[in-house]
2 protein chains.
Amino acid sequence: MNNVQEESPRDQKKNRRRLQILEIARGIIATKGLRSLKVRDVAEAAGCSVGSVYNEFGDFDGVILTVNRETVQALTARLRGVPADDPVRQLYGLAATYLEFFAEHANLLRSLFEHRMEDDRPYPDDILQMVMDAFALMHPPLVRLLPDADDVKIALLSRTLFSAVHGIISLGLEERMVAVPPQMLRQQVEQFVDTHLAGLGILPLS
Amino acid sequence: MNNVQEESPRDQKKNRRRLQILEIARGIIATKGLRSLKVRDVAEAAGCSVGSVYNEFGDFDGVILTVNRETVQALTARLRGVPADDPVRQLYGLAATYLEFFAEHANLLRSLFEHRMEDDRPYPDDILQMVMDAFALMHPPLVRLLPDADDVKIALLSRTLFSAVHGIISLGLEERMVAVPPQMLRQQVEQFVDTHLAGLGILPLS
DNA sequence: GCTTGAAAATGAACAATGTTCAAGAAGAAT
DNA sequence: ATTCTTCTTGAACATTGTTCATTTTCAAGC
């Protein structure tokens, strides 16, 4: 017997619209920033009522969180595409790819990291977990480079190093912080990783 | 002759209230987060009308920005208090002090770094400049440690290193990112600085 | 002290925006 | 065809930022 539930026409329509709402919301966040996202704008652009948005996502945070969820998924997919041939090159690649992705989708990343929930409701665990998992992608190459180190310590190191790169990039890409020209930034990140690896006793381009 | 303008009773009252509004706003941000800050709450707590808040600060962003301005001033004051005896110790001290300050005033720091203006109005330049200046506080000790390096490069390095520390701390203190226990964090930051200095060819505790 | 003019304070009204829900429409099940 | 369930709608409501005509305050001049 077939456990796969057939998708009724009703569900098809529902899903189509769900995707459409997300696409529109993502577009607005990406181009005009999270603060410019308005329920009515989304509903009108999607050709439905505001009620339908609520019906589909519970509340407006639900829309934002779904966009954020997809952002971290896309980020993870990109980071997983970094070649794992050479561990040093992989670390450089992860940093450079994060920079690329952040530069391409700055407002989406800011939505992911800066959005706060109403009241004191907790941020969804699955998203946090996905961010943590993304930041743990430096773990495997670090294990290869430091075979004698404690695994727990490498896990901490991975998050720390990725957080550091995140700080450099997220502040560096604030167009408002005029200081770091985006051209320099890539070079700056590269040198940062370089120096830190040297501090760990790892030779460049093994 | 005396250029100092006497402060009339009227101005005294105005100033007192201005300070009171700021204190209340800061308290709300610090304890319940920026998203919980409401004009009416502030006005009621300050015993005045909403109009007076607008009269004093132009718009609500004006209140937030003034609080943020004072936050970065307080941060800078704290960072300037780090002893400059030994340059390596000073770098550790700057990182550790930033961590302390961030831990004590997490919501205020988040307000400083995460607040976005309405529409596309630019963030006030003086605040950005003050943040930049704070992040440049690693410059003097780095100059002492790397006397042969190009000054522009040291300036970049200072911002990069401080941004990295900022990333580690701001993500590490997200209680939602369960991963890094706050106890570990100080140690983690310390080791990070340690490793990076080693990578720069600087010996610990010269 | 009274008058007067400027500055400030007020808070009701307005505007923008998130949220709810009773009524109706659409589709599935029998 | 009828009924039953589910989804959709959008007007009404709630919250919150913003404005502004009116009133109040108060310092200066007489």
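Note that these values count all heavy atoms, side chains included, but never hydrogens, waters or copies made by symmetry. Numbers restart at 1 for each chain; the letters A, B, ... are given by sequence-line order, proteins then strands.
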Presence of Arg17(A) side-chain N/O under 4.0 Å of dT8(D) phosphate oxygens OP1/OP2
yes
With the side chain of Tyr54(A) defined as its heavy atoms from C-beta on, choose the nearest nucleotide among dG11(C), dT19(D), dT19(C).
dT19(C)
Selected nucleotide, minimal atom distance to Cys48(A) side chain, candidates dT10(C), dT20(C), dT9(D)
dT9(D)
Mind calculating the distance between CZ (Phe57(B)) and P (dT19(D)) to the nearest angstrom?
16 Å
In whole angstroms, the gap separating C1' of dT8(D) from CD1 of Ile21(A) amounts to 12 Å
Can you work out whether Glu118(B) or Asn55(B) has the more 5'-proximal nearest nucleotide on DNA chain C?
Asn55(B)
Using a cut-off of less than 4.0 Å, is there contact between a side-chain N or O of Ser52(B) and OP1 or OP2 of dA8(C)?
no
In this structure, how many angstroms lie between the C1' atom of dT19(C) and the CZ atom of Arg121(A), rounded?
12 Å
Arg69(B) vs Pro124(B) side-chain heavy atoms within contact, under 4.5 Å:
yes
Using a cut-off of strictly less than 4.0 Å between a heavy atom of the residue and any atom of DNA chain C, enumerate the qualifying residues of residues 30-41 of chain B by number.
Arg40(B)
Are Arg26(A) and Glu70(A) close enough for a salt bridge, meaning some N to O gap below 4.0 Å?
yes
Whole-Å distance separating the CZ atom of Phe60(A) from the P atom of dT20(C)
14 Å
CD1 of Ile28(B) versus C1' of dT16(D): gap in Å, rounded?
14 Å
Can you check whether Phe135(B)'s main-chain N or O pairs, donor with acceptor, with Ser158(B)'s side chain at less than 3.5 Å?
yes
Starting from P on dA12(C), measure out to CD on Glu44(B) and report it in whole angstrom.
13 Å
Rounding to a whole Å, what distance do you find between Glu56(B):CD and dA8(C):C1'?
10 Å
Strictly below 4.0 Å: does Ser49(A) bring a side-chain N or O up to OP1 or OP2 of dG10(D)?
no
Of the listed nucleotides (dT9(D), dG18(C), dC7(D)), which one gets closest to any side-chain atom of Lys14(A)?
dC7(D)
Testing dA12(C), dT8(D), dT19(C) for proximity to the side chain of Val50(B), the answer is dA12(C)
Please determine, by modelled atom types, if Asn15(A) and Arg18(A) share a side-chain donor-acceptor pair under 3.5 angstrom.
no
